[in-house]
> 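For reference, the structure I am asking about is given below.
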Amino acid sequence: MLVLITYDVNTEDAAGRRRLRQIAKQCVNYGQRVQHSVFECLLDAAQCRILQAKLCKIMNPEKDSLRFYYLGNNYENKIEHFGAKESYSPEGFLAL
């Protein structure tokens with residue numbers, strides 16, 4: 001299923017900036033960054049729970065926010081892209 005993950009991390013101090021980098025690193029391991037704090041991740045249910053646990057362990061619930069949007073397996077018709085950055089297919093080839 002395609003999961004859209006968004007986060008807002010309070011970066012007023014060094015600890016917050018560290019949390020921001022750690023959350024981004026975890027998300028990169030599971031999906032594609034589509035905006036600064038937005039990732040599209042193609043996950044099964046187990047991977048999703050593992051990633052949620054990792055991110056919740058990193059975040060500070062008093063200062064930070066995580067949101068998971070479950071777009072499911074038929075996500076192609078739920079996404080429209082406009083603007084400068086090229087769109088990509090989560091199931092397509094990704095060159096590194």
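Predicted model only: the values in this text are computed from it and were never measured.
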> Report whether Val28 and Ile58 are members of the same hydrophobic cluster (ILVMFWY, side-chain heavy atoms less than 4.5 Å apart, transitive linking).
yes
> Testing the basics here: between Tyr7 and Ala24, what is the closest heavy-atom pair and its distance to 0.1 Å?
OH-CB, 3.5 Å
> Are the side chains of Lys54 and Tyr30 in contact, using a 4.5 Å heavy-atom criterion?
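Contact flag for Tyr30/Lys54 side chains = yes.
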> According to salt bridge (charged side-chain N to carboxylate O under 4.0 Å, His left out), who are the partners of Lys25, at least two apart in sequence or on a separate chain?
none
> Would you call Lys63-Asp13 a salt bridge at under 4.0 Å N-O?
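Yes.
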> I'd like to know if the side chain of Asp64 and the backbone of Asn10 have a donor-acceptor N/O pair within less than 3.5 Å.
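Yes, the answer is positive, given that a donor and an acceptor are paired below the 3.5 Å cut-off.
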> If you group Ile, Leu, Val, Met, Phe, Trp and Tyr by side-chain heavy-atom gaps below 4.5 Å, do Leu71 and Leu42 land in one group?
yes
> Mind checking what makes side chain to side chain donor-acceptor pair (under 3.5 Å) contact with Arg17, not counting sequence neighbours?
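Side chain to side chain donor-acceptor pair (under 3.5 Å) list for Arg17, sorted by chain: empty.
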> Looking at Ile23, is its backbone amide N or carbonyl O close enough to the side chain of Gln26 to form a donor-acceptor pair, meaning the two atoms are under 3.5 Å apart?
no
> For a 4.5 angstrom cut-off between non-hydrogen side-chain atoms, does Leu66 reach Cys56?
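Side chain of Leu66 against side chain of Cys56, heavy atoms only: contact under 4.5 Å found.
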> Let me see the working for Cys48 and Val3 under side chain to side chain contact (heavy atoms under 4.5 Å, CB included), right down to the final yes or no.
CA-CA 8 Å; Cys48 188; Val3 180; 4.3 Å; yes
> Do Tyr70 and Ile5 belong to the same hydrophobic cluster, where Ile, Leu, Val, Met, Phe, Trp and Tyr are linked whenever their side-chain heavy atoms lie under 4.5 Å apart, directly or via other members?
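Yes, it is one cluster - the side chains of Tyr70 and Ile5 are joined through contacts under 4.5 Å.
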> Report the distance from atom NE2 of His36 to atom OG1 of Thr6, rounding to the nearest 0.5 Å.
14.5 Å
> Can you tell me how far the CG atom of Asn29 sits from the CD atom of Gln47, to the nearest 0.5 Å?
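CD of Gln47 is found 11.5 Å from CG of Asn29.
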> Within this structure, what is the OG-CG distance for the pair Ser65 and Asn60, rounded to the nearest 0.5 Å?
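One gets 12.0 Å once the value is rounded to the nearest 0.5 Å.
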> Any heavy-atom pair between the side chains of Leu55 and Cys27 that's under 4.5 Å?
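Yes, their side chains come closer than 4.5 Å.
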> Are Ile50 and Leu2 linked, directly or through other ILVMFWY residues, by side chains that come within less than 4.5 angstrom of each other?
no
> Does the side chain of Leu43 reach to within under 4.5 Å of the side chain of Leu51, using non-hydrogen atoms?
yes
> Honestly curious: do Val38 and Phe68 fall in one hydrophobic cluster under the side-chain, below-4.5 Å linking rule?
no
> What pairs with Arg49 under side chain to side chain donor-acceptor pair (under 3.5 Å), at least two apart in sequence or on another chain?
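So Arg49 forms a side chain to side chain donor-acceptor pair (under 3.5 Å) with Gln52.
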